[in-house]
Amino acid sequence: MKLLKPSWVNHDDKPIFSVDIHPTGKRFATGGQGGDSGRVVVWNLNSVLFEAVEVDPNVPKMLCQMDNHLACVNCVRWSNGGRYLASGGDDRLVMVWGLSVAPSAPGKHKTEMWRCISTLRGHAGDVLDLAWSPLDKWLASCSVDNTIIIWNAEKFPEMVCVLNGHTGLVKGVAWDPVGKYLASQSDDKSLRVWKTADWAQETVITEPFEECGGTTHVLRLSWSPDGQYVLSAHAMNGGGPTAQVVERDGWRCDKDFVGHRKAVTCARFNSNIFVKEGKKCCCAAVGSRDRALSIWLTSLKRPLVVVHDLFSDSVLDLSWSSDGLNLLACSSDGTVACIQFTNKEIGTPLTLEEKNAFYEKIYGKCLINESGGDLTSNLLVECPEILLAREKQEAKKEAAKEEITPKSEKSQSVPATTPPVCSGISVTPSGALISTPVRPIDRQIETRTSDGKRRITPVFIPLTHADANESLASQPGAPENCFSTSSQSKSRIRVERRDDIIIHPNVSNHAISQSSKTNDNALDQRLRKRGGGGLPGPRADEVQAHAGAGVGAGGEGPASAAGAAVGGGPPALPAPVLGAAGPVVRAAGPLRLQVVNKACNTHYGTLSRLQLIPNNSASNDPVWETYLGSPVTCIACDARWVCVSCADGALHVWRLARAHAARALPPLALMSQAAKMTLTGDTLLVVTTSAELAIWELSNASCVIRPLCFRNLLSHGVTVTNCSLLEDGNPMISLSNGKNYIYSKKLCAWVVWADASDPVRRAGGGWRSSRSARAPRASAPRAPAALLTAPRTPSAPPPPLRPHTNVASWLEAQVASCLHLRLAKDYKHWLSSLFSHLVNHGTEDQLRYILDDMLGPSHCTSTPKKWQSTVLGIKKHDILEEMLALLVKQLRWQRLYTEYADQLNDLKETGSIMNGH
């Protein structure tokens with residue numbers, strides 16, 4: 001353990017009332033008193049944790065200072081996603097801050113530009129505490145006006161409701177990590193729990209707080225990461241101050257943390273679940289007016305560590321880093337302290353998968369996933385149309401089952417136990433989801449070997465409601481393990497003995513008969529067989545057979561002839577080398593494109609990662625990200641387009657719009673690797689290593705000129721220095737030997753425009769004024785003045801892959817391919833798959849982008865051209881109906897469903913669509 005207390009973290013010797021660490025662990029915020037107003041400061045956390053960074057004069061310690069509050073700031077809290085920072089103060093305001101992508105104003109406190117994106121007005125007194133809901137759907141604020149306000153974090157400054165019930169100053173709020181409850185603590189000597197389903201009061205707890213007085217500035221309480229316990233602030237037990245532990249089961253109050261000499265002001269649970277010495281446990285920090293800080297593990301009777309006289313005044317706020325190893329504490333004396341732990345001291349945190357499995361075992365569903373899933377079970381159905389639409393879908397499913405199921409199977413069918421959420425589903429290597437067949441869950445088979453030994457076949461036991469009681473807490477009557485024990489229950493498995501099956505052990509692997517090999521092969525084939533029908537589209541063997549038949553019939557076209565001529569010899573131009581030593585950065589307007597080859601390892605090879613990062617962001621947090629299966633070798637980008645070519649000869653193009661990128665073209669296969677790419681306006685010129693020039697107009701996704709071969713223009717060691725498109729649409733290439741060529745469409749030949757080695761020209765003095773320079777259609781892109789590279793880190797394993805982002809990138813490529821190949825059925829299939837994926841893992845903006853295009857111009861104002869009611873011969877409104885059927889399955893999109901369903905019904909009733917903006 002290390003104790004750090006950086007003196008440079010201060011508010012000019014004014015009190016600091018709150019501190020909070022960003023979810024990424026790269027920055028932290030403090031709130032308190034400023035010079036003549038409230039002050040919020042964003043700091044660089046690495047300058048606190050690492051001495052080398054702290055003494056580096058090129059690394060800023062203070063990232064941004066905001067003095068917008070009119071009075072002292074009492075609380076600062078980052079959203080769980082890290083996108084927003086909320087602050088509340090004595091000016092009765094709650095301000096929500098966001099990182100601006102605009103260039104920051106000059107000044108020593110403006111390394112990052114955080115601007116106030118919304119001001120929430122509703123409280124009649126000082127705002128003392130804030131808390132974001134688990135998925136950043138709501139923001140709760142409490143005040144000295146005895147109320148709690150729930151704000152709609154998706155539509156600031158919309159107010160969801162006001163919770164009235166406390167009769168004293170409300171000084172702390174905390175969300176249940178499950179998303180079902182909100183807890184609050186007040187000077188009225190009570191702790192109240194509110195239900196998020198209808199915002200009604202669940203319970204009022206007063207017994208531990210009856211002897212307490214209003215002596216603390218705040219009462220910051222915290223919920224354990226497993227959702228089973230609330231750790232309150234100021235409570236009393238036998239006349240001594242404690243931190244009361246309130247159990248979720250029955251809201252019992254039979255445990256507490258004791259030892260502080262004065263009232264407890266704040267408590268904060270670590271967001272991780274740890275495993276130490278084989279036991280699951282949680283870690284909590286408790287701060288008090290006695291200027292001391294105590295750290296507790298729920299598996300120990302005594303505190304892990306107690307730090308006395310850490311400050312010269314009361315501890316007011318605490319914050320853990322997301323990795324669980326760093327703790328920040330602030331005090332009204334105007335200082336901040338940092339305590340660093342190791343995994344050996346507090347335990348090893350559960351991985352995301354283990355945490356999901358643990359939540360599933362307690363609550364029967366996965367609460368946390370990589371896509372930031374929603375807790376839709378706590379949402380209320382807001383309109384009857386949702387229920388009617390779901391009932392219609394269930395009726396259609398039942399009718400389809402009746403038609404498909406044979407009578408013999410109907411007579412033999414028995415009811416099966418419904419598997420829990422996230423169980424019974426497996427992922428194939430190709431990424432397809434298949435359901436696991438239902439197997440007996442209450443018995444196992446016992447067989448005997450030829451030498452009399454017993455063999456028991458293991459079976460998978462899915463979760464049942466009987467297992468849902470297991471948690472991080474102990475049962476009453478087991479105080480020796482604090483609250484991390486679980487009771488043993490009798491096994492429910494019945495053992496079925498099979499004496500008719502005899503297993504012959506100790507058989508050599510080399511003595512396998514031919515028949516057994518045949519059976520093994522047959523079994524292997526069955527195991528490899530994938531369920532479900534084949535995907536639409538031609539198979540690879542059919543495409544190859546068709547291509548072979550075309551060549552064999554003598555139908556060899558110009559393109560194939562050129563490819564054969566080029567493919568036989570070595571490359572005419574050298575292949576570029578990119579990203580061998582680290583990330584490569586290119587400017588893309590207000591963003592920068594960062595490319596990292598071999599960024600992620602998979603079982604099938606390494607992946608290359610592309611990210612778009614705001615130029616003024618010091619944290620390198622990307623706003624867009626995608627992956628490619630081959631190393632990137634060539635890049636061309638500007639404020640509107642991103643074009644990359646890979647080592648496998650594939651060309652990828654994206655259109656940039658509002659800090660997001662969408663595929664403009666399907667992945668194209670070049671004749672060989674790209675040696676040079678140039679963007680001229682909306683025109684992309686690609687020169688390949690086989691000395692071919694291809695030109696595309698990206699705005700309308702069309703080819704300007706068919707691929708042109710200029711291999712005969714090259715000599716040994718000559719490379720292409722520049723390529724551009726002239727005003728008349730003819731391409732021009734410049735070579736390293738001083739020769740320039742322009743292709744004439746009318747003559748179908750290359751015209752020699754300039755030749756520095758021409759003897760006639762050299763002998764005649766160069767004819768300096770005989771030709772005027774021709775300008776390209778737009779200025780040629782210039783190389784960036786300097787490459788922005790990320791700092792190098794010691795060798796470490798590549799970061800894990802987020803499976804949901806990779807899937808979306810692949811689906812977008814499939815949709816783009818089908819659209820440009822005009823495959824109607826395949827387009828409809830992949831568009832439905834993409835939309836279904838976005839329903840589960842996407843954002844509202846992504847869904848609206850697709851729904852607007854399907855609905856029509858009554859809701860689409862971004863394109864000036866006339867809207868087409870069909871795509872590839874399919875009515876867009878028919879596709880929209882299928883999308884709405886997918887949308888209604890997720891309650892978190894119910895308002896989106898209602899909005900588009902109503903508009904579609906209105907359009908059907910009127911029978912006409914008005915084109916316009």
Side-chain angles (χ1 to χ4, degrees), residues 154 382-383 385-386 388-390 392-393 396 535-537 654-655 657-658 660-666 699-701 804 807-917:
E154 298 174 349
E382 299 177 356
C383 58
E385 288 79 4
I386 300 292
L388 294 176
R390 287 191 165 191
K392 290 180 181 179
Q393 286 190 353
K396 290 180 180 179
L535 296 176
W654 291 271
R655 183 196 302 268
R658 294 183 300 181
H660 181 73
R663 277 194 176 268
L665 293 176
S699 59
N700 54 15
H804 301 303
V807 171
S809 302
W810 181 70
L811 289 174
E812 289 175 355
Q814 296 298 109
V815 172
S817 300
C818 296
L819 180 63
H820 289 274
L821 293 175
R822 303 195 63 80
L823 301 176
K825 293 182 179 180
D826 301 326
Y827 171 78
K828 186 176 181 182
H829 169 80
W830 291 115
L831 182 62
S832 176
S833 300
L834 174 61
F835 189 84
S836 177
H837 176 78
L838 294 178
V839 166
N840 294 317
H841 308 293
T843 62
E844 182 177 350
D845 292 339
Q846 292 173 318
L847 294 175
R848 285 186 179 275
Y849 182 84
I850 299 177
L851 292 172
D852 288 346
D853 183 57
M854 295 296 110
L855 181 63
S858 62
H859 209 72
C860 182
T861 61
S862 60
T863 55
K865 59 185 180 182
K866 192 174 181 180
W867 177 74
Q868 299 294 331
S869 61
T870 61
V871 54
L872 301 181
I874 307 173
K875 293 183 178 179
K876 290 186 176 180
H877 284 179
D878 294 342
I879 301 177
L880 180 59
E881 288 182 350
E882 297 180 8
M883 291 181 174
L884 292 177
L886 297 173
L887 198 66
V888 76
K889 296 179 181 180
Q890 289 284 352
L891 277 183
R892 62 171 175 159
W893 303 123
Q894 55 179 316
R895 296 184 180 180
L896 199 64
Y897 167 84
T898 305
E899 175 185 345
Y900 284 90
D902 291 343
Q903 294 186 68
L904 181 61
N905 292 334
D906 293 341
L907 291 175
K908 287 184 177 180
E909 291 176 2
T910 57
S912 62
I913 300 177
M914 302 299 294
N915 293 328
H917 306 290

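Salt-bridge formation is detected for the pair Glu899/Arg848: a Lys NZ or Arg NE/NH1/NH2 atom is positioned less than 4.0 Å from an Asp or Glu carboxylate oxygen.
Taken to the nearest 0.5 Å, the CG atom of Asp852 stands 10.5 Å off from the CG atom of Leu847. Atom CD of residue Gln846 and atom CD of residue Glu812 lie 7.5 Å apart, to the nearest 0.5 angstrom. Taking CG of Leu880 as the start and NZ of Lys876 as the end, the distance is 11.0 Å to the nearest 0.5 Å. With rounding to the nearest 0.5 Å, the separation of OG in Ser833 from CG in Leu838 is 11.0 Å. Rounding to the nearest 0.5 Å places CG of Leu884 at 6.5 Å from CG of Leu904. Considering OG1 of Thr898 and CH2 of Trp893, their distance stands at 13.5 Å, rounded to 0.5 Å.
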Lys889 vs Val839, test: side-chain contact (heavy atoms from CB on, under 4.5 Å). Steps then yes/no. CA-CA 9 Å; Lys889 296 179 181 180; Val839 166; over 6 Å; no
With side-chain contact (heavy atoms from CB on, under 4.5 Å) as the criterion, how do Asp853 and Val871 come out once you've worked through the C-alpha distance, each side chain's angles and the decisive distance to 0.1 Å? CA-CA 10 Å; Asp853 183 57; Val871 54; over 6 Å; no
Apply side-chain contact (heavy atoms from CB on, under 4.5 Å) to the pair Lys828 and Leu872, showing each step before the final yes or no. CA-CA 9 Å; Lys828 186 176 181 182; Leu872 301 181; over 6 Å; no
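Panel note: side chain Ser836, backbone Ser832; no donor-acceptor pair is recorded below 3.5 Å.
Looking at residues two or more places apart in sequence or on another chain, you find no side chain to side chain donor-acceptor pair (under 3.5 Å) involving Arg655. Asp845 is linked by a side chain to side chain contact (heavy atoms under 4.5 Å, CB included) to Thr843, counting only residues two or more places apart in sequence or in another chain.
With contacts defined as side-chain heavy-atom distances shorter than 4.5 Å, the pair Arg663/Val815 does not qualify. At least one side-chain heavy atom of Gln903 sits under 4.5 Å from a side-chain heavy atom of Leu855.
Ala664 approaches Ala701 most closely through the heavy-atom pair O-CB, 4.3 Å.
Among Leu891, Val888, Asp902, the single residue meeting the side chain to side chain contact (heavy atoms under 4.5 Å, CB included) criterion with Tyr897 is Val888.
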